[in-house]
K.L.:
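My questions will all concern the structure given below.
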Number of protein chains: 2
Amino acid sequence: MFQTALANLGHCLKKAQANAATRSFSPDVLVGLRLAPDMLPLASQVRIACDAAKNGTARVSGLEAPRMADDETTLVQLQERIAKTLAWLDTVPADAFDGREAQDVTFPIGKDATRTMPAEAYLKHWVIPNVYFHVTTVYALLRQAGVDLGKVDFLVGEEAGA
Amino acid sequence: MFQTALANLGHCLKKAQANAATRSFSPDVLVGLRLAPDMLPLASQVRIACDAAKNGTARVSGLEAPRMADDETTLVQLQERIAKTLAWLDTVPADAFDGREAQDVTFPIGKDATRTMPAEAYLKHWVIPNVYFHVTTVYALLRQAGVDLGKVDFLVGEEAGA
(Lines give C-alpha, C1' and ligand atoms only; values in the text may rest on other atoms or scores of the structure.)
Protein backbone atom coordinates (compact mmCIF):
# COMPACT_ATOMS: atom_id res chain seq x y z
CA MET A 1 0.00 0.00 0.00
CA PHE A 2 2.80 2.43 0.86
CA GLN A 3 4.65 1.64 -2.36
CA THR A 4 1.52 2.28 -4.42
CA ALA A 5 0.66 5.46 -2.53
CA LEU A 6 4.16 6.92 -2.90
CA ALA A 7 4.46 5.90 -6.56
CA ASN A 8 1.14 7.65 -7.23
CA LEU A 9 2.40 10.71 -5.32
CA GLY A 10 5.44 10.78 -7.61
CA HIS A 11 3.13 10.51 -10.61
CA CYS A 12 1.12 13.53 -9.41
CA LEU A 13 4.32 15.56 -8.92
CA LYS A 14 5.44 14.58 -12.43
CA LYS A 15 2.18 15.93 -13.85
CA ALA A 16 2.68 19.09 -11.77
CA GLN A 17 6.16 19.54 -13.24
CA ALA A 18 4.79 19.19 -16.78
CA ASN A 19 1.86 21.49 -16.01
CA ALA A 20 4.20 24.22 -14.73
CA ALA A 21 6.20 24.00 -17.98
CA THR A 22 2.99 24.36 -20.03
CA ARG A 23 1.89 27.36 -18.00
CA SER A 24 5.40 28.89 -17.99
CA PHE A 25 6.06 29.16 -14.27
CA SER A 26 8.79 27.55 -12.19
CA PRO A 27 7.60 24.19 -10.82
CA ASP A 28 9.53 24.97 -7.67
CA VAL A 29 7.05 27.61 -6.53
CA LEU A 30 4.72 24.67 -5.89
CA VAL A 31 7.08 23.42 -3.16
CA GLY A 32 6.12 26.30 -0.85
CA LEU A 33 2.33 26.20 -1.28
CA ARG A 34 0.16 25.79 1.83
CA LEU A 35 -3.59 25.13 2.21
CA ALA A 36 -3.64 27.42 5.25
CA PRO A 37 -0.99 29.67 6.86
CA ASP A 38 -0.72 27.29 9.82
CA MET A 39 -0.39 24.13 7.73
CA LEU A 40 2.94 22.78 6.48
CA PRO A 41 3.97 23.50 2.88
CA LEU A 42 3.94 20.98 0.04
CA ALA A 43 7.61 20.04 0.59
CA SER A 44 6.87 19.00 4.18
CA GLN A 45 3.74 17.10 3.13
CA VAL A 46 5.84 15.02 0.71
CA ARG A 47 8.58 14.44 3.32
CA ILE A 48 6.07 13.35 5.97
CA ALA A 49 4.25 11.02 3.55
CA CYS A 50 7.61 9.35 2.81
CA ASP A 51 8.69 9.24 6.46
CA ALA A 52 5.36 7.92 7.72
CA ALA A 53 5.65 4.97 5.32
CA LYS A 54 9.37 4.42 5.95
CA ASN A 55 9.45 4.87 9.72
CA GLY A 56 6.18 3.01 10.26
CA THR A 57 7.59 0.06 8.34
CA ALA A 58 10.85 0.23 10.27
CA ARG A 59 9.19 0.41 13.69
CA VAL A 60 6.95 -2.58 13.07
CA SER A 61 9.52 -4.75 11.28
CA GLY A 62 12.52 -3.89 13.46
CA LEU A 63 14.53 -3.06 10.31
CA GLU A 64 16.58 0.10 10.23
CA ALA A 65 15.38 2.80 7.82
CA PRO A 66 17.73 5.35 6.25
CA ARG A 67 17.49 8.89 7.63
CA MET A 68 17.03 11.68 5.12
CA ALA A 69 17.86 15.39 5.40
CA ASP A 70 14.78 17.62 5.12
CA ASP A 71 16.46 19.99 2.68
CA GLU A 72 14.56 19.65 -0.61
CA THR A 73 13.76 22.94 -2.33
CA THR A 74 12.67 21.68 -5.77
CA LEU A 75 10.11 19.25 -7.14
CA VAL A 76 12.96 17.23 -8.64
CA GLN A 77 14.56 16.82 -5.21
CA LEU A 78 11.21 15.77 -3.74
CA GLN A 79 10.93 13.15 -6.50
CA GLU A 80 14.38 11.90 -5.48
CA ARG A 81 13.24 11.57 -1.89
CA ILE A 82 10.23 9.53 -3.00
CA ALA A 83 12.52 7.37 -5.15
CA LYS A 84 14.94 6.77 -2.25
CA THR A 85 12.05 5.87 0.04
CA LEU A 86 10.61 3.46 -2.54
CA ALA A 87 14.09 1.93 -3.05
CA TRP A 88 14.33 1.20 0.68
CA LEU A 89 10.76 -0.16 0.87
CA ASP A 90 11.71 -2.51 -2.00
CA THR A 91 14.37 -4.05 0.25
CA VAL A 92 11.85 -4.94 2.99
CA PRO A 93 10.97 -8.66 2.83
CA ALA A 94 7.30 -9.48 2.25
CA ASP A 95 7.14 -11.28 5.62
CA ALA A 96 8.71 -8.44 7.65
CA PHE A 97 5.48 -7.79 9.59
CA ASP A 98 4.60 -11.47 10.18
CA GLY A 99 3.98 -12.35 13.82
CA ARG A 100 4.45 -8.75 14.98
CA GLU A 101 0.76 -7.78 15.25
CA ALA A 102 0.62 -7.64 19.05
CA GLN A 103 4.08 -6.22 19.68
CA ASP A 104 4.08 -2.74 21.25
CA VAL A 105 5.42 0.09 19.11
CA THR A 106 6.46 3.40 20.66
CA PHE A 107 6.58 6.38 18.34
CA PRO A 108 6.96 10.16 18.62
CA ILE A 109 3.96 12.50 18.63
CA GLY A 110 5.03 16.08 18.02
CA LYS A 111 8.39 17.15 19.43
CA ASP A 112 8.18 16.08 23.06
CA ALA A 113 5.73 13.20 23.46
CA THR A 114 5.52 9.51 22.55
CA ARG A 115 2.68 7.07 22.27
CA THR A 116 2.65 3.28 22.46
CA MET A 117 0.27 1.03 20.50
CA PRO A 118 0.24 -2.64 19.43
CA ALA A 119 1.78 -2.89 15.93
CA GLU A 120 -1.44 -3.87 14.15
CA ALA A 121 -3.39 -0.94 15.59
CA TYR A 122 -0.42 1.35 14.96
CA LEU A 123 -0.45 0.43 11.25
CA LYS A 124 -4.22 0.52 10.84
CA HIS A 125 -5.04 3.62 12.88
CA TRP A 126 -1.88 5.67 12.68
CA VAL A 127 0.56 4.89 9.86
CA ILE A 128 -1.85 4.09 7.01
CA PRO A 129 -4.19 7.08 7.66
CA ASN A 130 -1.12 9.30 8.06
CA VAL A 131 0.41 8.27 4.72
CA TYR A 132 -2.85 8.91 2.87
CA PHE A 133 -3.42 12.16 4.77
CA HIS A 134 -0.19 13.65 3.47
CA VAL A 135 -0.48 12.27 -0.07
CA THR A 136 -4.05 13.64 -0.28
CA THR A 137 -2.91 17.02 1.06
CA VAL A 138 -0.32 17.23 -1.75
CA TYR A 139 -3.06 16.31 -4.23
CA ALA A 140 -5.29 19.06 -2.77
CA LEU A 141 -2.47 21.63 -3.06
CA LEU A 142 -1.79 20.70 -6.68
CA ARG A 143 -5.49 20.74 -7.61
CA GLN A 144 -5.88 24.14 -6.02
CA ALA A 145 -2.86 25.32 -8.02
CA GLY A 146 -4.65 24.29 -11.22
CA VAL A 147 -2.67 21.14 -12.02
CA ASP A 148 -4.71 18.81 -14.27
CA LEU A 149 -5.24 15.90 -11.86
CA GLY A 150 -8.22 13.64 -11.25
CA LYS A 151 -8.79 11.15 -8.45
CA VAL A 152 -7.67 8.36 -10.74
CA ASP A 153 -4.14 9.87 -10.62
CA PHE A 154 -4.21 9.53 -6.83
CA LEU A 155 -5.57 5.97 -6.95
CA VAL A 156 -3.77 4.34 -9.86
CA GLY A 157 -1.04 6.80 -10.85
CA GLU A 158 1.01 5.81 -13.90
CA GLU A 159 -1.39 2.98 -14.60
CA ALA A 160 -3.88 5.69 -15.52
CA GLY A 161 -1.74 6.20 -18.62
CA ALA A 162 -0.96 9.81 -17.83
CA MET B 1 -10.41 1.29 9.98
CA PHE B 2 -13.54 2.65 8.28
CA GLN B 3 -15.36 2.98 11.59
CA THR B 4 -12.45 4.95 13.07
CA ALA B 5 -12.06 7.14 9.98
CA LEU B 6 -15.78 8.01 9.84
CA ALA B 7 -16.04 8.60 13.58
CA ASN B 8 -13.09 11.00 13.32
CA LEU B 9 -14.77 12.70 10.35
CA GLY B 10 -17.87 13.22 12.51
CA HIS B 11 -15.66 14.63 15.25
CA CYS B 12 -14.14 17.16 12.80
CA LEU B 13 -17.61 18.22 11.63
CA LYS B 14 -18.67 18.63 15.25
CA LYS B 15 -15.75 20.98 15.83
CA ALA B 16 -16.70 22.83 12.64
CA GLN B 17 -20.26 23.27 13.92
CA ALA B 18 -18.99 24.69 17.22
CA ASN B 19 -16.47 26.91 15.44
CA ALA B 20 -19.18 28.40 13.22
CA ALA B 21 -21.24 29.24 16.32
CA THR B 22 -18.23 30.96 17.90
CA ARG B 23 -17.58 32.96 14.76
CA SER B 24 -21.29 33.73 14.23
CA PHE B 25 -21.84 32.29 10.76
CA SER B 26 -24.17 29.51 9.67
CA PRO B 27 -22.38 26.14 9.83
CA ASP B 28 -24.28 25.18 6.69
CA VAL B 29 -22.25 27.46 4.46
CA LEU B 30 -19.42 24.97 5.03
CA VAL B 31 -21.43 22.30 3.19
CA GLY B 32 -20.89 24.04 -0.16
CA LEU B 33 -17.16 24.77 0.14
CA ARG B 34 -14.84 23.48 -2.59
CA LEU B 35 -11.03 23.35 -2.79
CA ALA B 36 -11.24 24.10 -6.52
CA PRO B 37 -14.16 24.97 -8.81
CA ASP B 38 -13.91 21.56 -10.50
CA MET B 39 -13.79 19.59 -7.26
CA LEU B 40 -16.88 18.34 -5.43
CA PRO B 41 -18.15 20.34 -2.43
CA LEU B 42 -17.82 19.29 1.21
CA ALA B 43 -21.25 17.61 1.25
CA SER B 44 -20.20 15.29 -1.58
CA GLN B 45 -16.85 14.59 0.05
CA VAL B 46 -18.66 13.39 3.20
CA ARG B 47 -21.14 11.31 1.19
CA ILE B 48 -18.40 9.64 -0.84
CA ALA B 49 -16.30 8.89 2.27
CA CYS B 50 -19.37 7.17 3.76
CA ASP B 51 -20.28 5.35 0.55
CA ALA B 52 -16.72 4.19 -0.16
CA ALA B 53 -16.61 2.53 3.28
CA LYS B 54 -20.15 1.14 3.08
CA ASN B 55 -20.17 -0.05 -0.52
CA GLY B 56 -16.61 -1.40 -0.36
CA THR B 57 -17.57 -3.44 2.69
CA ALA B 58 -20.76 -4.65 1.00
CA ARG B 59 -19.01 -5.66 -2.25
CA VAL B 60 -16.33 -7.69 -0.48
CA SER B 61 -18.57 -9.29 2.14
CA GLY B 62 -21.59 -9.95 -0.09
CA LEU B 63 -23.82 -8.23 2.48
CA GLU B 64 -26.37 -5.72 1.28
CA ALA B 65 -25.76 -2.10 2.28
CA PRO B 66 -28.53 0.46 2.73
CA ARG B 67 -28.84 3.05 -0.04
CA MET B 68 -28.95 6.67 1.04
CA ALA B 69 -30.39 9.72 -0.75
CA ASP B 70 -27.75 12.34 -1.55
CA ASP B 71 -29.88 15.20 -0.29
CA GLU B 72 -28.08 16.60 2.76
CA THR B 73 -27.91 20.39 2.90
CA THR B 74 -26.78 20.91 6.50
CA LEU B 75 -23.89 19.77 8.68
CA VAL B 76 -26.40 18.11 11.01
CA GLN B 77 -27.77 16.03 8.12
CA LEU B 78 -24.23 15.04 7.11
CA GLN B 79 -23.63 13.93 10.71
CA GLU B 80 -26.78 11.81 10.46
CA ARG B 81 -25.46 10.18 7.28
CA ILE B 82 -22.19 9.34 9.05
CA ALA B 83 -24.17 7.94 12.01
CA LYS B 84 -26.33 5.78 9.72
CA THR B 85 -23.25 4.49 7.91
CA LEU B 86 -21.55 3.68 11.21
CA ALA B 87 -24.72 1.96 12.45
CA TRP B 88 -24.69 -0.32 9.39
CA LEU B 89 -20.94 -1.01 9.68
CA ASP B 90 -21.59 -2.04 13.30
CA THR B 91 -23.87 -4.82 12.01
CA VAL B 92 -21.13 -6.35 9.81
CA PRO B 93 -19.65 -9.44 11.50
CA ALA B 94 -15.92 -9.31 12.24
CA ASP B 95 -15.34 -12.28 9.94
CA ALA B 96 -17.29 -10.89 6.97
CA PHE B 97 -14.13 -10.62 4.81
CA ASP B 98 -12.64 -14.01 5.80
CA GLY B 99 -11.74 -16.20 2.84
CA ARG B 100 -12.75 -13.58 0.29
CA GLU B 101 -9.28 -12.20 -0.50
CA ALA B 102 -9.02 -13.66 -4.02
CA GLN B 103 -12.66 -13.24 -5.07
CA ASP B 104 -13.16 -10.82 -7.95
CA VAL B 105 -15.04 -7.62 -7.16
CA THR B 106 -16.56 -5.50 -9.94
CA PHE B 107 -17.26 -1.89 -9.08
CA PRO B 108 -18.28 1.30 -10.92
CA ILE B 109 -15.72 3.89 -12.03
CA GLY B 110 -17.39 7.14 -12.94
CA LYS B 111 -20.82 6.94 -14.56
CA ASP B 112 -20.29 4.49 -17.40
CA ALA B 113 -17.39 2.15 -16.63
CA THR B 114 -16.61 -0.71 -14.27
CA ARG B 115 -13.39 -2.27 -13.07
CA THR B 116 -12.71 -5.73 -11.64
CA MET B 117 -10.06 -6.52 -9.02
CA PRO B 118 -9.47 -9.31 -6.50
CA ALA B 119 -11.07 -8.31 -3.17
CA GLU B 120 -7.81 -7.90 -1.25
CA ALA B 121 -6.32 -5.56 -3.87
CA TYR B 122 -9.65 -3.76 -4.15
CA LEU B 123 -9.62 -3.01 -0.42
CA LYS B 124 -5.92 -2.10 -0.21
CA HIS B 125 -5.57 -0.08 -3.39
CA TRP B 126 -9.04 1.31 -3.97
CA VAL B 127 -11.40 1.40 -0.99
CA ILE B 128 -9.01 2.29 1.83
CA PRO B 129 -7.18 5.06 -0.11
CA ASN B 130 -10.56 6.36 -1.29
CA VAL B 131 -12.02 6.61 2.23
CA TYR B 132 -8.98 8.50 3.51
CA PHE B 133 -8.89 10.69 0.39
CA HIS B 134 -12.39 12.03 1.06
CA VAL B 135 -11.99 12.35 4.83
CA THR B 136 -8.72 14.25 4.31
CA THR B 137 -10.36 16.51 1.71
CA VAL B 138 -13.05 17.45 4.25
CA TYR B 139 -10.29 18.13 6.78
CA ALA B 140 -8.50 20.35 4.22
CA LEU B 141 -11.72 22.28 3.49
CA LEU B 142 -12.37 22.87 7.19
CA ARG B 143 -8.76 23.93 7.88
CA GLN B 144 -8.90 26.34 4.98
CA ALA B 145 -12.15 27.73 6.40
CA GLY B 146 -10.34 28.48 9.66
CA VAL B 147 -11.78 25.68 11.80
CA ASP B 148 -9.46 24.90 14.74
CA LEU B 149 -8.36 21.38 13.79
CA GLY B 150 -5.02 19.59 14.06
CA LYS B 151 -3.94 16.29 12.57
CA VAL B 152 -4.68 14.59 15.87
CA ASP B 153 -8.39 15.29 15.27
CA PHE B 154 -8.11 13.38 11.97
CA LEU B 155 -6.18 10.52 13.55
CA VAL B 156 -7.80 9.99 16.93
CA GLY B 157 -10.94 12.12 16.87
CA GLU B 158 -12.93 12.17 20.12
CA GLU B 159 -10.13 10.37 21.88
CA ALA B 160 -8.16 13.62 21.49
CA GLY B 161 -10.46 15.01 24.18
CA ALA B 162 -11.85 17.78 21.98
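This structure is a prediction, so every number in the text was calculated from the model and none was measured. Side chains are part of it too, since the values below use all heavy atoms of this structure and drop only hydrogens, waters and symmetry mates. Chain letters run A, B, ... following the sequence lines, proteins first, then strands; residues in each count from 1.
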K.L.:
Got a salt bridge between A:Asp70 and A:Arg81, using NZ or NE/NH1/NH2 to carboxylate O under 4.0 Å?
P.N.:
yes

K.L.:
If we ignore hydrogens and angles and just use 3.5 Å, is the side chain of B:Glu101 paired with the main-chain N or O of B:Glu120 as donor and acceptor?
P.N.:
no

K.L.:
Locate the shortest heavy-atom distance separating A:Tyr139 from B:Met39; write the atom from each residue and the value.
P.N.:
CE2-CE, 4.1 Å

K.L.:
Looking at B:Pro129, B:Ala121, B:Ala36, which makes the most heavy-atom pairs under 4.5 Å with chain A?
P.N.:
B:Pro129

K.L.:
Between B:Asn130 and chain A, which part of the residue has a heavy atom less than 4.5 Å away: side chain, backbone, both or neither?
P.N.:
both

K.L.:
If only atom types and distance count, is the side chain of A:Asp153 paired as donor or acceptor with the main-chain N or O of A:Cys12 below 3.5 Å?
P.N.:
no

K.L.:
Please classify the contact of A:Phe133 with chain B as side chain, backbone, both or neither, using a heavy-atom distance under 4.5 Å.
P.N.:
both

K.L.:
Find the one option among B:Leu155, B:Thr4, B:Ile109 whose heavy-atom pairs under 4.5 Å with chain A are most numerous.
P.N.:
B:Leu155

